[in-house]
Every structure is written in C-alpha cells, then in structure tokens.
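Shown next, in structure tokens, is the structure this report addresses.
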Amino acid sequence: MNAFEVLGLTASADQQQVHQAYRTRVKACHPDQFTDQKQQKKAQEQLIRLNLAYEEALRLSAAERPQVGYRTVSADQAKSIARRLLEQGRYETALLQLSRADEKDDEWFAIQGQILMKMRQYSSAHQSFREAVRRNPDSREYHSLALDAAVTMKKHQKFPYRVADWADGLFHPRKKI
C-alpha cells in the first residue's frame, strides 16, 4: 500500500486532507486506548505505519506544490544548524531548520530523534531513532538512542508520568509542530 492508501486518501489529496486523515486514524488506533498487551502492540505497529505514511504523504503532496519562501539547504548545513539550535535549547526552530535539508540520512534521523526527545515527543523520537538504525544497523550509538527512547516512552505511558507531563504542559506550553 502506498502512503495515501494507508491514510484512506487518493494521491491527489492536499496537505490539509492528509493531516485530517492522519489525525482521524491516529485517534482510532492509539495504543493508550487499549489495556490488552496484544492490542497495544498491534496498535503501536499501526501507529508506526500511519506515522511513516503521514510523513511520506506530506512530502509527496508538498512536492506537487512549490512552497513560497521555503528554501532547501544541503543536508550537512541543515544538520549543523539544527545541532547548534538544539544546544541552545531552541527545539522547534531546530526541527524546522532540519526539515530544510535536501536529503535525509541516518544522521539526520538521529538528530531529529534527539530534538524530539527534548520536546518530550518520545514516540516520534523513538521512530526517528529506529529509522536511523534501519539506515545504519552497525551504529551502536543509534541502537542506544533507540533503546533509551523506547524506555522513556514506556515509562511516560504510566499514570504518574502522564499526570506530571500533563501538568508540565499546563505551566510550560510547547508549540506543536
């Protein structure tokens, strides 16, 4: 199945339609809705497929329409800028600058995962690290980062952490990207 089919769309869908379809499908299969471990695992796998399809569908729908004021830069330059912004604690801007890269490699996905971890988007960070591992399976660093993200993601699914994350979000709202 292609990305649009996974989201239940035609290939002519625009970015807004892709976003709406993604949100609807994620709500229906989110692992937090299930208490049974098998159902949670199946939902997690479906969520990963949806996230990958969403990213691909957005990329394809954006490729058909030129973006005004959006300029790609070399992957090395985008990664360098993103690392600097990450060190400065400017996570949203780092993610935005990273997205300007003209191509994505294993290092790109590892940096994206690091930014997402700082933004407390553990599930997305884990997926980024998994993609880095898929692209470079010999990297122990990427395996370690993926494992850390998985452990953190699992830990933050427990009730006390969910409450603490929710309360932290009230007092320190983060911009959603």
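It should be emphasised that the depicted structure is a prediction, and the values quoted were computed from it without experimental measurement.
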Exercise for review: Quick one: do I48 and R130 satisfy side-chain contact (heavy atoms from CB on, under 4.5 Å)? Show the steps, please.
Suggested key: CA-CA 11 Å; I48 290 169; R130 284 181 51 157; 3.8 Å; yes
| said: Is any side-chain heavy atom of N136 closer than 4.5 Å to one of Y142? | reply: yes
*Side chains of F129 and M117 in contact at under 4.5 Å (non-hydrogen atoms)*: yes
Within one Ile-Leu-Val-Met-Phe-Trp-Tyr cluster: L86 and I81, side-chain cutoff 4.5 Å: no
Q. Do the non-hydrogen side-chain atoms of S144 and E141 ever get within less than 4.5 Å of each other?
A. no
ask   = Between the side chain of E45 and the main-chain N/O of K42, is any donor-acceptor distance below 3.5 Å?
value = no
**Lys/Arg N to Asp/Glu carboxylate O, K104 vs E55, below 4.0 Å** = yes
Check: Q121 main-chain N/O paired with S124 side-chain donor or acceptor under 3.5 Å:
no
**Prompt:** Can you find a pair of side-chain heavy atoms, one from L60 and one from E56, that are under 4.5 Å apart?
**Reply:** yes
Using modelled atom types only, decide if a donor and an acceptor are shared between the side chain of W108 and the backbone of A75 within a distance under 3.5 Å. no
Q) Is it the case that more than 12 heavy atoms not belonging to Q88 sit under 6.0 Å from its CD atom? A) yes
Please confirm whether the backbone N or O of K27 pairs with a side-chain atom of Q33, one donor and one acceptor, at under 3.5 Å?
yes
| request: State whether E87 and R83 are salt-bridged, where the test is any N-O pair (Lys NZ or Arg NE/NH1/NH2 against Asp/Glu carboxylate O) under 4.0 Å. | output: no
dist R120:CZ -> Y91:OH (nearest 0.5 Å) comes out at 9.5 Å
Q) Between R100 and Q97, does any side-chain donor sit less than 3.5 Å from a side-chain acceptor? A) yes
Check whether any side-chain N or O of Q20 sits under 3.5 Å from a backbone N or O of Q17 as a donor-acceptor pair, and report yes or no. no
Cluster link M119 to L85, ILVMFWY, side chain under 4.5 Å:
no
- Taking the side chain as every heavy atom from C-beta outward, state whether Q46 and L50 have any pair of such atoms under 4.5 Å apart. yes
Does R134 pair with D106 as a salt bridge, N-O distance under 4.0 Å? no
| Under the 3.5 angstrom rule, does the side chain of H126 hit a backbone N or O of M153 as a donor-acceptor pair? | no
From the list R49, H19, R59, side-chain hydrogen bond (donor to acceptor under 3.5 Å, both in side chains) with Y54 holds only for H19
